[in-house]
Amino acid sequence: MITHRLHVKENRPVAFSEATLKKVRELIQQYPEGKQKSALLPVLHMAQEELGGYLSVDVMDYVASLLQLNPIEVFEVATFYSMFYLEPVGKYVIEVCRTAPCAICGGEEILEYLKEKLQIGVGETTPDGLFTLKTVECLGGCGYAPVLQVNTQFHEQLDQVAIDRLLDTLRKQAADPSSADLTWASQFC
Amino acid sequence: MGKPVLLEHIRIPGIRQFGVYRSHGGYRPVEKALLEMSPTEVGQEVTRSGLRGRGGAGFPTGLKWSFLNRKSDKPRYLVCNADESEPGTFKDRYLMEHLPHRLVEGLIVSSYALGVNTCYIYIRGEFKYLVRILEHAIREAKENGFLGERILGTDFSLEIHLHPGAGAYICGEETALLESLEGKRGNPRIKPPYPAYKGLYDCPTVVNNVETLAAVGPIINMGGEAYAGLGKGKSTGTKLISACGHINRPGVYEIEMGLPVEEFIFSDEYCNGIRSGRHLKAVIPGGSSVPVLPADLILRTAKNEKRLLTYESLEEGGFDSGSMLGSGGFIVYDETACMVRNTLNLTRFYRHESCGQCSPCREGTGWMEKVLWRIEHGEGRWKDIDLLVNIARHIEGNTICPFGDAAAWPVASAIRHFREEFEYHVEYPDEVRVITHGNLVRETRFTGGHPVSGIRFR
Ligand SMILES: Cc1cc2nc3c(=O)[nH]c(=O)nc-3n(C[C@H](O)[C@H](O)[C@H](O)COP(=O)(O)O)c2cc1C
Ligand code: SF4
Ligand code: FES
């Protein structure tokens, strides 16, 4: 269980693009009539991705209005799941697995090394807003330990050299948005 | 191991594509079931196969299906549990990544048997790339007439939808999963009523693991009896074991049930022995929630019989000297591993993932973590060890869902089998402190083996 600081509503206008709204409408169709609340988790994922990287109170209230829910229904869900961020995060969220199978195969060293390299602690963001460092529980990649995720990309069998390379790549990618984005999706589909 | 069953085609290039999968006999089980068999016959075939749930509990799948309330006039649902978050378990991910059509095919046949027209795959949110792979597979199946309205010209229709979670281990528990699918917090429900009567949206629902459902296709293909001919006793068929930790070849292996644990760990066909020429110290054989066993007890039971990879053999000896097959998350430790540190790590995991509904679980996991932290950091007291046993005992069996047991067992079993390590930490706090707060706290801590439990290594 995690306890979060409550945020103040800023009343900034937030809204999905027309394309995303269409996706939301399709999504609601997946569930029986009147059960649009089921779409909450996927819609919160979209909101986090499209509306600023984290779920501000304004964003949560917007999602509530889209799905005809009470704001509290959205808030209690957003606070339950670890993939939803209630605080602003950097462009790249580095989440290091710290559960036993990774921890015994070098995961603890990887985390220390990242802290040192980025000069931040767990839960903090680098001053340039590029990286946020977090720890997560088992990512389902224990055989390829140590594992971390950058946003939703898996990086496995890491060592210090691989971390150096990864951070370099991400920095370059951030500086040049047109550079090829080597995601899992582009490898597989 | 004879011929693989689930992973038969995994090495074929392009097998993720419908056309390639189809040309290797893919979707034949769907044709066979829908065109030649009645839903009841499909169910009977699964019962005959002896297939047991691969999600952890090992409940017979045919029996579970037979409980589904068919009298209700509400719609029925099949929910595929792809939440895979039990530490040490990464087999469903492997299966979905490489053979997505194996799952889709299994879902169609299972839905037909259950009279289900809507099926949801609840997939853990972190597996975003898998969502894309599965979406692709579902779209292909639909384009080829295996999903949608009136499949293969029969009057059976089916839609499969993907639903991502958002990072919560407890959503793997079936009722928490259903809550989450309804857009709520993942708080497990009190059972009964069971999902077979009141599941998703209060409708009759079957929840099955990915691997369970993926096995249905091959079962229909080869016949239940042939499937039951594989394996040993009541552990029929094959099982995916995801092996990790201090072994030379971690990965996902399909084994025929009944394979000796010793062969699995040391044979070059599987784990290929312990890393860096070290010794085997301990194994958690079924995902972090099952009891840990020291080397001597994982290789042979207390009765000095060979320990096999079956539900029964791993349970042999009960809590005194046995464990469980669980989800097949096989975590191996060599002599550098510290059992106190490892137990602290796992307890932190359970404290973090508790949904917080029941006080024994919510408070107990936090309390155990605090005590373990003390011991690990050289601040432990003698009575702490019994205190841990006591807390674990009071969590076990006193909670809404089995998560409480899952949190208690790792602690109780670590103390049962490695008590001298806990005592060492209390007796030599200075040494423990130096080691823990030294430069390299971690894997290299006990490079020469843990100072006390060396005798039990192999
Ligand atoms: C705390 C907890 C976590 C669980 N996590 C999973 C999981 O990640 N995947 C899974 O398939 N089953 C998981 N289960 C088991 C499910 O509750 C359920 O028994 C299973 O999905 C049934 O499918 P099966 O009969 O095919 O095994 C979990 C159970 C508990 C108590
Ligand atoms: S046992 Fe733990 S996880 Fe399960 S319902 Fe109770 S508090 Fe929640
Ligand atoms: S423990 Fe790190 S991925 Fe499972």
Side-chain angles (χ1 to χ4, degrees), chain A residues 1-2 27 29-32 34-45 48 67 69 73-74 76-84 95 97-109 112 136-145 149 151-154 157 183-185 187-189, chain B residues 16 75 84-90 92-93 97 118 120 124-129 132-133 136 159 161 163-169 180-186 201 242-246 250-252 288 329 331 333 336-337 341-342 345-346 349 351-356 362 440-443:
Chain A
M1 274 196 312
I2 320 158
L27 199 62
Q29 295 301 314
Q30 285 195 4
Y31 307 99
K35 303 293 183 193
Q36 78 282 359
K37 183 171 178 177
S38 275
L40 183 51
L41 260 56
V43 173
L44 282 175
H45 278 299
Q48 182 159 291
L67 297 177
L69 302 172
E73 292 177 87
V74 177
E76 63 173 16
V77 163
T79 51
F80 187 84
Y81 296 93
S82 65
M83 285 179 77
F84 296 133
E95 298 181 306
C97 170
R98 60 171 173 173
T99 314
C102 274
I104 63 165
C105 292
E108 295 182 333
E109 284 88 345
E112 291 305 316
V136 284
E137 302 297 349
C138 179
L139 287 167
C142 328
Y144 325 108
Q149 273 198 324
N151 302 345
T152 45
Q153 269 182 56
F154 275 83
Q157 290 174 320
T183 61
W184 278 91
Q187 285 174 36
F188 280 109
C189 290
Chain B
R16 226 181 263 123
E84 187 152 78
S85 23
E86 172 89 5
T89 315
F90 48 100
D92 296 341
R93 166 185 169 188
E97 180 175 325
T118 313
Y120 294 99
R124 74 177 285 187
E126 289 89 342
F127 290 167
K128 203 161 209 171
Y129 75 100
R132 305 216 175 90
I133 294 176
H136 181 74
E159 292 294 339
H161 302 297
H163 183 101
Y169 166 67
S180 183
L181 192 46
E182 291 178 8
K184 303 183 208 149
R185 296 167 74 96
Y201 312 124
S242 58
C244 61
H246 297 143
V252 179
S288 67
I331 316 171
Y333 298 89
T336 60
R341 190 178 188 80
N342 189 63
N345 183 302
L346 290 179
F349 170 83
R351 191 261 303 148
H352 183 262
E353 299 297 329
S354 167
C355 85
R362 182 187 60 240
L440 256 198
V441 182
R442 297 148 277 268
E443 212 197 348

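Each chain gets a letter, A, B and so on, in the order the sequences are listed, and its residues count up from 1.
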Student: What pairs with B:Ser242 under side-chain hydrogen bond (donor to acceptor under 3.5 Å, both in side chains), at least two apart in sequence or on another chain?
Tutor: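 B:Ser242 satisfies side-chain hydrogen bond (donor to acceptor under 3.5 Å, both in side chains) with no residue once adjacent residues are dropped.
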
Student: Give the intermediate values and the outcome of side-chain contact (heavy atoms from CB on, under 4.5 Å) for residues A:Glu108 and B:Arg341.
Tutor: CA-CA 12 Å; A:Glu108 295 182 333; B:Arg341 190 178 188 80; 3.4 Å; yes

Student: With rounding to the nearest 0.5 angstrom, report the OG1 to CG distance, A:Thr99 to B:Asn342.
Tutor: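 If we round to the nearest 0.5 Å, A:Thr99:OG1 and B:Asn342:CG are 10.5 Å apart.
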
Student: For A:Glu76, is it the side chain, the backbone, both, or neither that has a heavy atom closer than 4.5 Å to a heavy atom of chain B?
Tutor: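 For A:Glu76, heavy atoms of backbone and side chain both lie under 4.5 Å from chain B.
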
Student: Evaluate the side-chain proximity of B:Cys355 to A:Phe80: yes if any heavy-atom separation is below 4.5 Å, no if none is.
Tutor: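 SC-SC contact between A:Phe80 and B:Cys355 confirmed.
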
Student: What residue in B:Ser180, B:Ala243, B:Gly186 has the most heavy-atom pairs under 4.5 Å with chain A?
Tutor: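 The option with the most such pairs is B:Gly186.
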
Student: Which pair of heavy atoms, one from B:Tyr201 and one from A:Ser38, lies closest together, and at what distance?
Tutor: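 Scanning both residues, the minimum pair turns out to be OH-OG, 2.6 Å.
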
Student: Output the distance between atom CZ (B:Arg93) and atom CZ (A:Phe154), rounded to the nearest 0.5 Å.
Tutor: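 One finds 4.5 Å between CZ of B:Arg93 and CZ of A:Phe154.
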
Student: Pick from B:Ala168, B:Gly251, B:Gly88: which one has the most heavy-atom pairs with chain A under 4.5 Å?
Tutor: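 Of the candidates given, the most pairs with chain A belong to B:Gly88.
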
Student: Is there a side-chain contact between A:Leu40 and B:Lys184 (heavy atoms, below 4.5 Å)?
Tutor: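 Side chain of A:Leu40 against side chain of B:Lys184, heavy atoms only: no contact under 4.5 Å found.
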
Student: Hey, is the main chain of A:Ile104 close enough, under 3.5 Å, to the side chain of B:His246 for a donor-acceptor pair?
Tutor: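 Checked: pair present.
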
Student: Taking all non-hydrogen atoms of both residues, which atom of B:Tyr333 and which atom of A:Ala100 are closest, and how far apart?
Tutor: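 Nearest heavy atoms, B:Tyr333 then A:Ala100: OH-CB, 4.1 Å.
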
Student: Identify the two heavy atoms, one from A:Thr79 and one from B:Arg185, that lie closest to each other, and give their separation to 0.1 Å.
Tutor: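 Scanning both residues, the minimum pair turns out to be OG1-NH1, 3.5 Å.
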
Student: Take the angle between the ring planes of A:Tyr31 and B:Tyr120 and call it parallel below 30°, perpendicular above 60°, tilted in between.
Tutor: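 If you compare the ring of A:Tyr31 with that of B:Tyr120, the planes turn out parallel.
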
Student: Give the minimum heavy-atom separation between B:Arg124 and A:Glu137, together with the two atoms involved.
Tutor: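 Shortest heavy-atom contact: NH2-O, 4.3 Å.
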
Student: Looking at A:Arg98, is its backbone amide N or carbonyl O close enough to the side chain of B:Asn345 to form a donor-acceptor pair, meaning the two atoms are under 3.5 Å apart?
Tutor: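 Between the backbone of A:Arg98 and the side chain of B:Asn345 there is a qualifying donor-acceptor contact (under 3.5 Å).
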
Student: What part of B:Ser288 lies closer than 4.5 angstrom to a heavy atom of chain A: side chain, backbone, both or neither?
Tutor: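 For B:Ser288, neither part sits under 4.5 Å from chain A.
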
Student: Give the member of B:Pro75, B:Gly329, B:Gly167 that has the highest number of heavy-atom pairs under 4.5 Å with chain A.
Tutor: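 It is B:Gly167.
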
Student: Report the distance from atom NZ of A:Lys37 to atom CD of B:Glu182, rounding to the nearest 0.5 Å.
Tutor: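 So the gap between those two atoms works out to 9.0 Å.
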
Student: List in chain and number order the residues that pass ring-ring contact (aromatic ring centres under 6.0 Å, His included) with B:Phe349, two or more places apart in sequence or in another chain; answer none if no residue qualifies.
Tutor: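 Testing B:Phe349 for ring-ring contact (aromatic ring centres under 6.0 Å, His included), a comparison that skips the adjacent residues, returns B:Tyr169.
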
Student: Kindly say whether B:Gly165 contributes a backbone atom to a donor-acceptor pair with the side chain of A:His45 at under 3.5 angstrom?
Tutor: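 The answer is yes, because a donor-acceptor pair under 3.5 Å joins these two groups.
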
Student: In Å, rounded to the nearest 0.5 Å, how long is the span from OG of A:Ser82 to CD of B:Glu126?
Tutor: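 The distance works out to 6.0 Å.
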
